[in-house]
Amino acid sequence: VSNSSKDFRTQSNISQEPPEDTRVVVGRETSPIPSQPVCRIPREIMDKFEDQSREDLVEMVVRLQAGVEDGGKKAADLEDYIDSLLIRVMEASPVLLEKTGISCKTGYK
């Protein structure tokens with residue numbers, strides 16, 4: 001390899017390095033710069049609520065939260081009811097809860 005080709009490679013390597021005061025962020029050199037902020041909510045959903053005021057949206061959120069709380073209370077009540085039924089069955093006829101090979105096989109065929 002001649003000296004002139006070594007000089008060329010050395011010169012080309014030097015020209016590819018950033019200046020000393022420049023901060024390089026890996027991956028940013030090829031990533032596109034977004035033209036507008038990226039919204040987490042799809043446009044069609046945003047369009048559905050475009051005509052509503054902030055106050056309307058807050059009222060809707062409050063109603064939905066109340067509905068979720070009511071649903072949670074109903075679910076908890078149902079769990080308590082099922083637990084109490086299970087306890088009553090266990091006290092009255094625990095044999096109903098026993099798993100036997102014969103009853104399971106004949107029940108599913």
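These figures come from a predicted structure and were not determined experimentally.
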Student: For residues 57-66, run the donor-acceptor check on the side chains, cut-off 3.5 Å, and write out each pair with its distance to 0.1 Å, sequence neighbours left out.
Tutor:
none

Student: Please identify each residue that fulfils side-chain contact (heavy atoms from CB on, under 4.5 Å) with P42, with sequence neighbours left out.
Tutor: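 Per chain and number, P42 pairs via side-chain contact (heavy atoms from CB on, under 4.5 Å) with E44, I45.
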Student: So which residues get pulled into V95's cluster when ILVMFWY side chains under 4.5 Å apart are joined, directly or through others?
Tutor: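 Hydrophobic cluster check, V95: no partners found.
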Student: In residues 71-83, what donor-acceptor pairs under 3.5 Å come from side-chain atoms, sequence neighbours left out?
Tutor:
none

Student: State which residues pass salt bridge (charged side-chain N to carboxylate O under 4.0 Å, His left out) with D47; sequence neighbours excluded, sorted by chain then number.
Tutor: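 With neighbours one apart ignored, the set is R43.
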Student: For S53, check side-chain hydrogen bond (donor to acceptor under 3.5 Å, both in side chains) against everything at least two apart and list the hits.
Tutor: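 side-chain hydrogen bond (donor to acceptor under 3.5 Å, both in side chains) check on S53 returns D56.
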Student: Check whether I41 and F49 end up in the same hydrophobic cluster, where Ile, Leu, Val, Met, Phe, Trp and Tyr are linked by side-chain heavy atoms less than 4.5 Å apart.
Tutor: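 Per the 4.5 Å side-chain linkage, I41 and F49 are co-clustered.
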